[in-house]
Amino acid sequence: MKKLFTTLSNIWKIQELKERILFTVMILLVYRFVSHVVLPGVDPAALGANEKSGILGLLDMFAGGSFSRVSILALGVMPYISASIVVQLLGIAVPTFQKMQKEGESGRKKLNQITRYLTVAITIVQSVGYVKTQVPQEAILPVMSQTMFYIVSTFVLTAGTLFVMWLGEKITDKGIGNGTSLIIMTGIIARLPQAISQEFSDKVGASSTGGGPVALVLEVVALFAIVMFTILIVQGVRKVPVQYAKKIVGNRQFGGVRQYIPLKVNAAGVMPIIFAQALMFIPGALIQFVPSLQGSWLIQFSNTTSLAYSLTFAFLIIAFTFFYTAITVNPTQMSDDMKKNGGFIPGVKPGVATSTFIDDVISKITFPGAVFLAIIAVLPSVAVKFGIKQEFAHFFGGTSLLILVGVVLDTLQQIESYLLMRHYDGLMKTGRVTGRTGVPAASSNAAL
């Protein structure tokens with residue numbers, strides 16, 4: 001406990017770090033305040049209990065409830081995330097984008113500009129769909145024509161997404177950690193107090209349905225164990241040793257040191273879960289639009305707590321993990337970069353042999369990482385089976401838990417880098433805090 005207070009005191013002594021933390025908190029408060037502003041022409045009182053489920057519930061969780069509140073920030077940063085994924089995939093398939101990725105800082109600026117333009121286009125399309133399908137007709141005030149309401153809402157929602165994107169960039173530049181990830185984390189955490197309150201009332205409150213304090217304590221212990229296990233896997237890396245050749249220039253020696261390549265057990269992050277979740281909502285959508293399928297075999301795939309749903313979901317996650325890892329981690333490029341810098345893996349020939357060795361290592365460690373993602377993804381459904389409320393069960397796994405753990409680790413890593421630069425002790429007595437990239441570098445700001 002004394003160590004904790006000493007560390008907090010040291011954080012406050014570093015002027016730059018203090019200013020960055022305060023700036024980040026201020027921006028996040030602005031975001032939460034604006035997220036409660038409802039679209040012009042919408043009556044908040046008429047919205048009622050506008051809770052979302054399925055993929056819409058996932059979007060609502062990422063947006064901190066703005067989606068169901070019909071807020072001007074209803075779409076949040078999801079269009080920007082979608083645009084970033086599209087640009088990333090184009091960088092793998094399109095030679096022009098591959099060339100820009102290799103141009104360094106200038107190429108990065110071009111890709112960022114393309115991402116922004118694509119974000120605007122995606123937001124406009126999503127805004128039209130959101131207003132037409134998610135805004136209840138009875139909640140629209142007769143202050144303007146329906147056509148004008150759609151046009152104004154589209155402009156406002158697009159501006160809201162750009163505003164959130166701008167807030168995220170400001171946090172990244174002047175705050176602490178990755179701004180986009182922190183905004184998503186804030187939206188997820190905003191749902192936690194309500195979820196805890198509902199679970200407490202369900203177990204020991206006046207409207208208790210059974211279980212009592214013992215069940216609540218067991219749930220908290222289980223949640224703590226799951227979080228610890230998630231941290232263990234998220235930070236898990238396979239260190240591949242790399243030896244660099246010695247170079248003597250004048251009287252100075254360069255190279256000759258042994259380093260390592262940290263290959264992550266979970267290199268794909270949360271993307272396989274998001275892709276698999278999008279596919280798993282297709283049967284439910286078909287049943288909704290085709291009433292004749294109500295009694296068909298598809299009905300079991302619309303129930304998130306069914307065994308068929310969980311097994312199919314887990315299989316898709318494992319498949320997408322291998323796919324996403326294969327398109328994002330390039331062993332050939334890693335081998336070429338090592339060869340250009342005079343590096344080699346001890347006992348492995350440079351070139352094709354090195355590329356094959358790295359590919360084999362990635363294949364071996366990806367399987368346990370994929371199984372881990374599958375287990376984490378189905379844990380909320382298992383929690384519901386054990387009588388945990390749906391709202392609280394979301395924090396037992398899935399994308400929400402992975403994002404929370406990853407962002408917290410990245411933020412702690414940023415703070416620790418400032419402490420160590422000023423010759424203060426880090427946040428832990430032994431070892432270093434490592435973020436999702438697996439290396440204790442201050443520039444580790446992986447997004448989702």
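Fair warning: this is a prediction, and the values are worked out from it, not measured in the lab. Counting begins at 1 with the first residue of the sequence. Atoms considered below: every heavy atom in the structure, side chains included; atoms not considered: hydrogens, waters and symmetry mates.
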Straight-line distance of Ile273 CD1 to Leu316 CG, nearest 0.5 Å: 12.0 Å
Within-4.5 Å side-chain heavy-atom neighbours: Phe344 and Thr354: no
Any donor-acceptor N/O pair, Ser35 side chain to Arg32 backbone, under 3.5 Å: yes
Any donor-acceptor pair under 3.5 Å from Ser363 side chain to Asp359 backbone: yes
Aromatic ring proximity, centroids under 6.0 angstrom, Phe313 and Tyr309: yes
Any donor-acceptor N/O pair, Ser400 side chain to His394 backbone, under 3.5 Å: yes
Ile114 side chain near Phe97 side chain, heavy-atom distance below 4.5 Å: yes
Separation between NZ of Lys174 and CE of Met26, rounded to the nearest 0.5 Å: 9.0 Å
Atom of Glu391, atom of Gln198 and distance for their closest heavy-atom approach: CG-OE1, 3.4 Å
Side chain to side chain, Ile171 and Leu28, heavy atoms closer than 4.5 Å: yes
Candidate pair Ile184 and Val407, rule side chain to side chain contact (heavy atoms under 4.5 Å, CB included), full reasoning: CA-CA 9 Å; Ile184 294 176; Val407 175; over 6 Å; no
Test log, rule side chain to side chain contact (heavy atoms under 4.5 Å, CB included), inputs Leu404 and Val227: CA-CA 10 Å; Leu404 286 175; Val227 171; over 6 Å; no
Donor-acceptor contact present, side-chain Thr24 to main-chain Ile176, <3.5 Å: yes
Mutual orientation of the aromatic rings belonging to Phe67 and Tyr130 [parallel < 30°, tilted 30-60°, perpendicular > 60°]: perpendicular
Interatomic spacing from CD1 in Ile317 to OG1 in Thr312 - rounded to 0.5 Å: 11.0 Å
Expected output: side-chain Ser71 to main-chain Val38 donor-acceptor under 3.5 Å: no
Trace of the side chain to side chain contact (heavy atoms under 4.5 Å, CB included) decision for Thr230 with Ile376: CA-CA 8 Å; Thr230 304; Ile376 287 295; 3.5 Å; yes
Which residues share a ring pair (Phe, Tyr, Trp, His ring centres under 6.0 Å) with Phe229, sequence neighbours left out: Phe372
Approximate separation, where rounding is to 0.5 Å, of Gln413 CD and Gln235 CD: 9.0 Å
Spacing of CD belonging to Gln414 relative to CZ belonging to Arg20, to within rounding of 0.5 Å: 8.5 Å
Side-chain donor or acceptor of Glu199 paired with backbone N/O of Lys389 under 3.5 Å: yes
Beyond-backbone contact of Ile196 with Phe392, side-chain heavy atoms, under 4.5 angstrom: yes
Side-chain heavy atoms of Val329 within contact of Met334, under 4.5 Å: yes
Taking every non-hydrogen atom, the tightest pair across Gly179 and Thr172: N-OG1, 2.9 Å
Residue pair Lys349 / Ala353: nearest heavy atoms and the distance that separates them: O-CB, 3.4 Å
Closest non-hydrogen atom pair, Pro346 against Pro241: CD-O, 3.5 Å
Gap separating the OG atom of Ser355 from the CG atom of Asn330, nearest 0.5 angstrom: 7.5 Å
Residues in side-chain contact (heavy atoms from CB on, under 4.5 Å) contact with Ala83, at least two apart in sequence or another chain: Thr115, Leu118, Thr119, Ile122
Non-hydrogen side-chain atoms of Tyr31 and Phe163 separated by less than 4.5 Å: no
For the student: nearest non-hydrogen atoms of Asn178 and Ser181, plus distance: OD1-N, 3.0 Å
Side chain to side chain, Met338 and Ile261, heavy atoms closer than 4.5 Å: yes
Close side-chain approach of Phe23 and Lys170, heavy atoms under 4.5 Å: yes
Stepwise side chain to side chain contact (heavy atoms under 4.5 Å, CB included) check, Thr123 with Gln126: CA-CA 5 Å; Thr123 307; Gln126 290 186 355; 5.8 Å; no
For Leu223 against Phe395, the heavy-atom pair lying closest together: CD1-O, 3.2 Å
